[in-house]
Visitor: 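Would you mind keeping the following structure in view while I ask a few things?
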Amino acid sequence: MHTALSQELKWRGFSYQTTFDDISEVDKKKFTFYWGVDPSSDSMTIGNLATAMMVRYFIAHGHHAVLLVGGATGLIGDPDGKSKERELLNPEQLKKNSEAITRQYKRIFKGLEFEIVDNQQWFKDIKYIDFLRDIGKNVPMRQMLGREFVQSRLGEDSNGISYGEFSYSLIQGYDFLHLFRTKGVTLQVCGSDQWGNSIAGVEMIRRIEGKEAHIWSAPLVVNKSTGAKFGKTEEGAVWLDGAKTSPYDFYQFWLNVEDENVEDYLKIYTLLSKEEIEAVIGEFQKEPGQRKAQKTLAREVTRLVHGEEETESVERITACLFGSSDYSGLTAKDIATMKQMLPSHEAKAGESLIQALVSTGLVSSGSEARRMFAQNAITLNGKPADENYTLKESDALAAGHTIVRKGKNKYAIVEIK
RNA sequence: GCAGGGUUAGUGAAGCGGGCAAACACGUCAGACUGUAAAUCUGAUGGCUUAUGCCUUCGUAGGUUCGAAUCCUACACCCUGCACCA
């Protein structure tokens with residue numbers, strides 16, 4: 001690591017808005033910093049992963065990381081950027097989510113040094129009146145009211161906002177203050193969407209402790225062509241948990257990244273050096289059709305999140321499915337692996353293909369299945385299939401399984417009994 | 001509490017007694033072209049073994065009507081204003 005952290009972060013596109021006048025502050029001094037994830041779901045998404053990658057660079061450059069699970073803040077729910085009041089999560093679910101997020105922290109930052117805290121630890125004993133006296137009295141209303149999302153939620157034709165959600169930034173701000181007091185945390189890193197909440201903490205530390213604290217925020221990762229951000233509330237969230245987004249789908253997601261975005265993502269989501277990335281991009285630009293950049297991206301990210309073994313397995317399967325439409329070469333073992341990755345279903349011989357498709361979840365209803373047939377979108381073992389087809393034992397490849405495909409790259413496995 | 005306005009499919013938003021499974025846009029899915037890209041073009045987009053048919057949907061529950069997303073009543077939630085409170 002001879003490149004300075006500030007330069008590294010800047011080059012990778014992790015530098016967005018910060019309270020530092022000069023970003024090289026992070027090169028001069030070792031900070032104890034924190035990063036938090038809300039357990040509003042039982043898994044992080046690739047949106048969180050981007051910030052996680054940034055955190056890795058901070059750790060690698062000798063800063064001490066405190067990773068926070070928002071067990072308490074999750075009980076309220078972050079209203080920022082939401083146009084409607086959120087549904088509350090029940091405490092049991094939240095507890096499960098918190099545990100899941102903790103596991104993912106350990107996985108993503110494996111081999112690195114860090115500590116994990118849950119803000120439930122300190123919020124569970126706080127009394128409301130004490131909080132209002134000690135914290136609330138020090139927070140000016142003007143700033144809270146001025147926030148953009150508050151304004152939009154209070155404006156005409158809006159859905160309003162509850163006091164609970166409105167106060168959210170106080171709770172999150174208090175995390176920063178608490179960590180400052182107990183662990184000497186003076187820096188928070190976050191996605192840019194968290195800026196407003198983070199600044200609340202900086203303010204508190206300044207007003208209550210009279211000390212300086214900082215924020216480093218990363219831009220939200222967006223798709224340049226559509227402008228849509230990655231994240232869990234968007235359609236088609238990509239989860240880090242293999243049970244929610246299979247390693248196969250995960251790999252495919254990265255493989256299908258548009259040309260326009262691939263370089264940005266390589267910088268953000270892989271640990272490859274500047275030289276390595278430039279080499280890959282150089283090759284890619286010479287022969288875009290080979291998609292060297294996408295392949296590298298998919299391999300690196302999948303390896304980081306799901307491990308080496310899974311990655312190799314997924315790559316083998318991808319080669320099979322997309323290399324040729326002849327599946328007869330697949331072995332029973334390959335199929336067993338695919339069954340882990342793809343949606344699957346057990347069917348009896350004589351069951352209609354339409355029924356089987358619905359059961360695999362490849363289509364959501366019989367009507368949709370018929371639509372797909374009308375559009376020639378369904379193949380069985382690589383051959384176009386007919387709408388009225390019923391499954392036969394002779395359709396099975398190795399180990400009694402058959403492969404159905406919808407469109408160009410959605411597959412499912414049907415076991416014929 | 002009072003008075004107005006609102007609640008329509010994944011989202012936004014039309015419709016305001018029959019032709020409404022509900023315009024349009026976005027999104028999503030598929031097809032063509034490709035590189036398992038992007039852009040573009042085409043088609044589909046509540047469910048039902050595909051149907052000039054049936055069923056379920058326009059906040060919830062009732063009602064009026066031959067017929068209701070459309071009218072009436074009650075309820076719930078949201079918005080705006082006023083009042084109350086401070």
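To find a chain, count down the sequence lines: A is the first, B the second, and so on, and within it residues start at 1.
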Visitor: Quick check for you: among B:U49, B:U36, B:A30, whose closest atom lies nearest to any side-chain atom of A:Arg370?
Guide: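 My answer, after comparing the listed nucleotides, is B:U49.
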Visitor: Hey, what are the protein-to-nucleotides 31-35 of chain B N/O distances that come in under 3.5 Å?
Guide:
| from | atom 1 | to | atom 2 | distance (Å) |
| --- | --- | --- | --- | --- |
| B:C33 | N4 | A:Lys408 | NZ | 3.2 |
| B:U34 | O4 | A:Lys408 | NZ | 2.9 |
| B:G35 | O6 | A:Asp259 | OD2 | 3.0 |
| B:G35 | N1 | A:Asp259 | OD1 | 3.1 |
| B:G35 | N1 | A:Asp259 | OD2 | 2.7 |
| B:G35 | N2 | A:Asp259 | OD1 | 2.8 |
| B:G35 | N2 | A:Gln294 | NE2 | 3.4 |

Visitor: Does a side-chain N or O from A:Arg371 land closer than 4.0 Å to OP1 or OP2 of B:G47, or not?
Guide: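 Yes.
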Visitor: Rounding to a whole Å, what distance do you find between A:Leu357:CG and B:A30:P?
Guide: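 These atoms are roughly 13 Å apart.
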Visitor: At under 4.0 Å between heavy atoms, what does A:Leu255 touch on the DNA or RNA strands: base, sugar-phosphate, or nothing?
Guide: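 Base contact.
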Visitor: Out of B:C48, B:C29, B:A37, which nucleotide sits closest to the side chain of A:Ser367?
Guide: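 Out of B:C48, B:C29, B:A37, the nucleotide with an atom closest to A:Ser367's side chain is B:C48.
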Visitor: Provide, to the nearest angstrom, the distance between the CD atom belonging to A:Glu368 and the C1' atom belonging to B:G10.
Guide: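 Rounding to the nearest Å, CD of A:Glu368 and C1' of B:G10 are 13 Å apart.
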Visitor: Can you tell me how far P of B:A39 sits from CG of A:Asn256, to the nearest Å?
Guide: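 Those two atoms, CG and P, are 13 Å apart.
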Visitor: Compare side-chain N and O positions of A:Ser365 against OP1 and OP2 of B:G47 and report whether any pair is under 4.0 Å apart.
Guide: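 Answer is yes, contact under 4.0 Å.
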Visitor: Do you know which of A:Trp35, A:Tyr34, A:Phe58 makes ring-ring contact (aromatic ring centres under 6.0 Å, His included) with A:His63?
Guide: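 Exactly one option meets the ring-ring contact (aromatic ring centres under 6.0 Å, His included) with A:His63, and it is A:Phe58.
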Visitor: Could one point to a donor on the side chain of A:Gln252 or the base of B:U36 with an acceptor on the other under 3.5 Å away?
Guide: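 Under the 3.5 Å cut-off, the side chain and the base do form a donor-acceptor pair.
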Visitor: Could you state the CG-C1' distance from A:Asn409 to B:C29, rounded to the nearest angstrom?
Guide: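 Going from A:Asn409 (CG) to B:C29 (C1'), I get 12 Å.
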Visitor: Would you please classify the geometry between the A:Phe322 ring and the A:Tyr411 ring as parallel, tilted or perpendicular, with 30° and 60° separating the classes?
Guide: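 A:Tyr411 and A:Phe322: perpendicular rings.
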Visitor: Could you walk me through whether A:Thr296 and A:Thr270 pass the side chain to side chain contact (heavy atoms under 4.5 Å, CB included) test, one step at a time?
Guide: CA-CA 9 Å; A:Thr296 308; A:Thr270 75; over 6 Å; no
Visitor: Tell me what A:Lys295 touches on the nucleic acid: a base, only sugar-phosphate, or nothing, going by heavy atoms under 4.0 Å.
Guide: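 It contacts nothing in the nucleic acid.
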Visitor: Decide salt bridge (charged side-chain N to carboxylate O under 4.0 Å, His left out) for A:Lys286 and A:Glu283; before the verdict, give the C-alpha distance in whole Å, the side-chain angles of both, and the deciding distance to 0.1 Å.
Guide: CA-CA 5 Å; A:Lys286 252 180 257 160; A:Glu283 238 181 283; over 6 Å; no
Visitor: A:Tyr265 has an atom OH; how far is it from atom C1' of B:A38, in whole Å?
Guide: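 About 13 Å, once rounded to whole Å.
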Visitor: Determine the interplanar angle of the A:Tyr265 and A:Tyr269 rings, folded into 0 to 90°, and report it as parallel if under 30°, tilted if 30 to 60°, perpendicular if over 60°.
Guide: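 Perpendicular: the ring planes of A:Tyr265 and A:Tyr269 meet at over 60°.
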Visitor: Just call it for A:Thr318: base, sugar-phosphate, or nothing, with non-hydrogen atoms closer than 4.0 Å on any strand.
Guide: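 Base, at least one base heavy atom under 4.0 Å.
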Visitor: Give the ring-plane orientation class for A:Phe166 versus A:Tyr163, where under 30° counts as parallel, over 60° as perpendicular and anything between as tilted.
Guide: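 It falls in the tilted class, 30° to 60°.
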